[in-house]
Amino acid sequence: TALEAVVDTWELVERDTTHVLVAPTLSSPSSEGLRLVSAHDEAFTRDLERLNDRADSSSSAWRRLLGRLDDAVGVWLPGAVVALAARHADIVMVYSVAVAPSRRRMGLATEAMRAASTWGSERGARWCALQVQGMNEGAVSLYGSLGYTEAYRYSYLHPDVPVRSR
């Protein structure tokens, strides 16, 4: 096809595939220690940026995104786990789940996902959705164990040049 010819001519490659996963929302009791806070809480936002290893240059874009969310909550255990949940109609989207390296494999991401899903359910959401990079095998496995299934995948094409690390 014409698209394939352009991809070949420009030497474009897929860097990674993003999986969009969905599951019915949950109604489970809140986890001990996890806090639901305003998505605009400054301390939560700083922890979210730090635990997700966001570059300082992305901070203003991230804050603009947060400013556009009407019905959103931060799921937070300071210094340990963060997640952002935003509801629209009957879907709650979960963004930027991150656990501090020293606290991984202790069930904190599972508890954060359950808290975000329950928060959405309490506001009328029937579905919980998220996006995860396919190369993040640990996260893909976690979400699968929580009942998430793939709705679809997408990827972007990039010039075939080495990827620089930060």
If hydrophobic clusters are built from ILVMFWY residues whose side chains come within less than 4.5 Å, do [X] and [Y] share one?
{"X": "Ile91", "Y": "Tyr143", "value": "no"}
{"X": "Leu84", "Y": "Val82", "value": "yes"}
{"X": "Leu108", "Y": "Val97", "value": "no"}
{"X": "Leu34", "Y": "Leu26", "value": "no"}
{"X": "Val81", "Y": "Leu36", "value": "yes"}

Return the minimal non-hydrogen interatomic distance between [X] and [Y], and the atom names on each side.
{"X": "Arg35", "Y": "Pro78", "answer": "NH1-CG, 3.6 Å"}
{"X": "Asn52", "Y": "Ser96", "answer": "ND2-O, 3.1 Å"}
{"X": "Val94", "Y": "Cys128", "answer": "CG2-SG, 3.6 Å"}
{"X": "Ala72", "Y": "Leu69", "answer": "CB-CB, 3.8 Å"}
{"X": "Gly134", "Y": "Val140", "answer": "O-CG2, 4.2 Å"}

Flag side-chain contact, heavy atom, 4.5 Å: [X] against [Y]:
{"X": "Val73", "Y": "Val37", "answer": "no"}
{"X": "Tyr148", "Y": "Met113", "answer": "yes"}
{"X": "Tyr95", "Y": "Leu130", "answer": "no"}
{"X": "Trp127", "Y": "Pro24", "answer": "yes"}
{"X": "Val99", "Y": "Leu51", "answer": "no"}

Salt bridge check, Glu111 against Arg114: does any charged N sit closer than 4.0 Å to a carboxylate O?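 Salt bridge flag = yes for Glu111 with Arg114.
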
#### Entry: Non-neighbouring partners of Arg153 that pass side chain to side chain donor-acceptor pair (under 3.5 Å), sequence neighbours left out
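If we apply the side chain to side chain donor-acceptor pair (under 3.5 Å) test to Arg153, skipping adjacent residues, the hits are Glu150.
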
| Between Thr118 and Ala115, is there a donor-acceptor pair closer than 3.5 Å when you use the side chain of the first and the backbone of the second? |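 Side chain of Thr118 to backbone of Ala115: no pair is present.
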
For the side chain of Ser121 and the backbone of Ser117, is there at least one donor-acceptor N/O pair under 3.5 Å apart?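 Not at all, since once roles are kept as given, no pair shorter than 3.5 Å links the two residues.
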
Euclidean distance, [Y] [atom2] relative to [X] [atom1], rounded to 0.5 Å:
{"X": "Met135", "Y": "Thr18", "atom1": "CE", "atom2": "OG1", "value": "9.0 Å"}
{"X": "Leu142", "Y": "Arg105", "atom1": "CG", "atom2": "CZ", "value": "9.0 Å"}
{"X": "Leu146", "Y": "Leu21", "atom1": "CG", "atom2": "CG", "value": "10.5 Å"}
{"X": "Met106", "Y": "Leu77", "atom1": "CE", "atom2": "CG", "value": "11.0 Å"}

Which pairs pass side chain to side chain donor-acceptor pair (under 3.5 Å) with one or both residues in residues 71-88, sequence neighbours excluded?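 Matches after skipping sequence neighbours: Asp47-Trp76, Asp71-Arg87.
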
Practice task
Apply ring pair (Phe, Tyr, Trp, His ring centres under 6.0 Å) to Tyr154 and list each qualifying residue two or more places apart in sequence or on a separate chain.
Solution key: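 Listed in chain order: Tyr156.
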
